[in-house]
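Scope of the values below: all heavy atoms of this structure, side chains included, with no hydrogens, waters or symmetry mates.
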2 protein chains.
Amino acid sequence: MGKTRIGATTLIYPMPTVLVGAHVDGKPNFLAIAWCGVAGSQPPMVSVALRPDRYTLKGIRQNWAFSVNVPSVDLVKEADYCGIRSGAKVDKVAACNFNIFYGNVDDAPLIEQCPVNLECRVVQMLELGSHCLIVGRVEETHVSDDCLTDGRPDVDKIRPFIFVTEPSRRYQAYGEIIARAFSVGLELEK
Amino acid sequence: MGKTRIGATTLIYPMPTVLVGAHVDGKPNFLAIAWCGVAGSQPPMVSVALRPDRYTLKGIRQNWAFSVNVPSVDLVKEADYCGIRSGAKVDKVAACNFNIFYGNVDDAPLIEQCPVNLECRVVQMLELGSHCLIVGRVEETHVSDDCLTDGRPDVDKIRPFIFVTEPSRRYQAYGEIIARAFSVGLELEK
């Protein structure tokens, strides 16, 4: 199998689209980003990477607090909008008709319509060149009641989506189940 | 819409499964992880979170180098296996019949069968409690020739998959296209 070198890139699959929220000058704003990951479990930590000129980053620096909101396929239009426009120019909460609520962290605005919401306090900010990598400790998770099964978050009800850039910039739903995890690999030992 | 607090968690969707590679005591080893993200674009940076007792982490500490290999659905069995067994006890490269190759970074072993391979040098290691968050600068990307369209990586040919934990631990393929990115959001302004 031949390989081609395409230069240094950040090709990781699948890419999420999440809405990062913060209070900027006391007002909630949200930014859609794909560069978000988990950084640890005890304590629960997540990381988000933002360009230094992002309006939302200004708010995160002001309060050392932010939220991560996972949109469902029903919110793809609003999520996309939050990645196109800047809060410096438009009121995204109004444009998207987001209902905002709060948990334990005063300056981490949460979007009621998003099925999953994480409220976070900043632990570290790493300046990595084009982006600032923010590591946040998750203080609480909120899940929409209609996305729970036996009290646990259920991806089939949450219906998150995937961000794709090539061969075209688009969003895709989750597809078919291909195997059981922590199970199918054991077939290699048979 | 009601919300339920489920405690502090790291619920981000979608979650990847990637194979992180390193030389441990001079021998290639690979670990499947879900906690991997992008940290910046210029220079290209990725982050991976590993538990301190991971055999692969030992190798990353030895050489300050690692690889990120994106498996396709065809490799779900091998990827799952690399998340179940430890390189301290089994030779995963042999068990999975991986063909190993190298690019610019001597101690970043790459898996030929994976359609996308990133070779990385460690920039920072953050000890965050249960996990060590490793930020790596990507030095080169390798893509299988049959996964390129007009010289660019094509997700429809790469066929990556998603890791799911609830309502059951499983892997899912990419599903239907639901909207155009950087486009559908503009409908909110009409």
Which residue out of [options] racks up the most heavy-atom pairs below 4.5 Å with chain A?
options: Glu176(B), Glu140(B), His142(B); result: Glu140(B)
options: Val68(B), Val46(B), Asp154(B), Asn104(B); result: Asp154(B)
options: Ser183(B), Ala49(B), Pro16(B), Ser130(B); result: Ser130(B)
options: Cys147(B), Gly37(B), Ala179(B); result: Ala179(B)
options: Val138(B), Ile6(B), Thr141(B); result: Thr141(B)
options: Ile84(B), Val143(B), Val164(B); result: Val143(B)

Output the option from [options] having the highest count of non-hydrogen pairs under 4.5 Å with chain B.
options: Leu188(A), Val116(A), Leu133(A); answer: Leu188(A)
options: Val155(A), Asn97(A), Leu186(A); answer: Val155(A)
options: Phe101(A), Tyr81(A), Phe161(A); answer: Tyr81(A)

Tell me, side chain or backbone of [X] under 4.5 Å from chain A's heavy atoms, or both, or neither?
X: Arg5(B); value: both
X: Ile134(B); value: neither
X: Arg85(B); value: side chain
X: Thr149(B); value: neither
X: Leu148(B); value: side chain
X: Leu128(B); value: both
X: Val73(B); value: both
X: Val90(B); value: neither
X: Leu126(B); value: side chain
X: Glu139(B); value: backbone
X: Leu11(B); value: both
X: Asn117(B); value: side chain
X: Ala95(B); value: backbone
X: Val70(B); value: side chain

- Item | Nearest heavy-atom neighbours spanning Val20(A) and Phe66(A) |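 Heavy-atom minimum between the residues: CG1-CD1, 4.2 Å.
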- Item | residues 167-175 of chain B: residues contacting chain A (heavy atom under 4.5 Å, by number) |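 Near chain A, by residue number: Pro167(B), Arg169(B), Arg170(B), Tyr171(B), Gln172(B), Ala173(B), Tyr174(B), Gly175(B).
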- Salt bridge between Lys77(B) and Glu189(A), side-chain N to carboxylate O under 4.0 Å?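 Judged by the 4.0 Å cut-off on N to carboxylate O distance, Lys77(B) and Glu189(A) do not form a salt bridge.
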- Item | Region of Arg152(A) that comes under 4.5 Å of a non-hydrogen atom in chain B |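 It is the side chain, since no backbone atom gets that close.
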- Identify which part of Val76(A) has an atom lying under 4.5 Å from any heavy atom of chain B, answering side chain, backbone, both or neither.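 When you check distances to chain B, atoms from both the backbone and side chain of Val76(A) fall under 4.5 Å.
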- Query: Once the angle between the rings of Phe98(A) and Phe30(A) is folded into 0 to 90°, is it parallel (under 30°), tilted (30 to 60°) or perpendicular (over 60°)?
  - Reply: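 The arrangement is perpendicular - the two ring planes meet at more than 60°.
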- Verify the neighbour count for atom CG of Asp25(B): are there more than 12 heavy atoms of other residues, nucleotides or ligands below 6.0 Å?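 Buried by this count: over 12 neighbours within 6.0 Å.
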